[in-house]
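One structure is given below, encoded as structure tokens.
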Amino acid sequence: EAGVAAGLAGLEQDLRLQLTAGLDLSTLTAPVLTVHGDHDGIAPPPVGDWIAARLARATSQAVAGAAHHVVFTRWEALLRSAGGA
């Protein structure tokens with residue numbers, strides 16, 4: 001409810017605070033893949049690009065026609081590609 005009440009400006013402020021309060025993502029060395037649907041109104045592909053640009057070993061993938069929960073539809077394949085299943 002608080003997130004809805006604060007709107008997009010509140011979300012942006014929360015993210016900025018989390019990522020500028022001493023958290024240096026460049027020190028993380030694990031490979032990372034961010035997956036975002038191009039119809040995602042919460043965290044669209046530019047969010048994944050922004051995160052990936054700050055990580056040492058990251059890529060961002062946009063899925064055409066998908067919305068916010070695209071990762072759940074691809075979960076099994078993502079785990080297999082990561083060697084987790």
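Quick caveat: nothing in here was measured; it's all calculated off a predicted structure.
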Check: Same cluster or not: are Leu28 and Val32 linked, directly or through other Ile, Leu, Val, Met, Phe, Trp or Tyr residues, by side-chain heavy atoms under 4.5 angstrom apart?
Finding: yes
Check: Out of curiosity, does Val70 fall in the hydrophobic cluster containing Leu79 (side-chain heavy atoms, cut-off under 4.5 Å, transitive links)?
Finding: yes
Margin query: Can you tell me how far apart NE2 (His68) and CG (Asp40) are? Round to the nearest 0.5 Å.
Written below: 5.5 Å
Check: Is Asp38 reaching over with its side chain to a backbone N or O of Ala62, donor-acceptor style, under 3.5 angstrom?
Finding: no
Item checked: Student check: side-chain heavy atoms of His36 and Pro44 closer than 4.5 Å -> no
Notebook entry, point to check: Can you name the residues that form a side chain to side chain contact (heavy atoms under 4.5 Å, CB included) with Leu33, not counting sequence neighbours?
Noted result: Val35, Thr59, Gln61, Leu78
Checklist line | Any residue meeting side-chain hydrogen bond (donor to acceptor under 3.5 Å, both in side chains) with Asp49, in chain and number order, not counting sequence neighbours | finding: Ser60
Next item on the list: Give the ring-plane orientation class for Phe72 versus Trp75, where under 30° counts as parallel, over 60° as perpendicular and anything between as tilted.
Entry: tilted
Next item on the list: Could you walk me through whether Val63 and Arg74 pass side chain to side chain contact (heavy atoms under 4.5 Å, CB included), step by step?
Entry: CA-CA 10 Å; Val63 180; Arg74 301 173 52 99; 4.1 Å; yes
Checklist line | Donor-acceptor contact present, side-chain Arg57 to main-chain Thr29, <3.5 Å | finding: yes
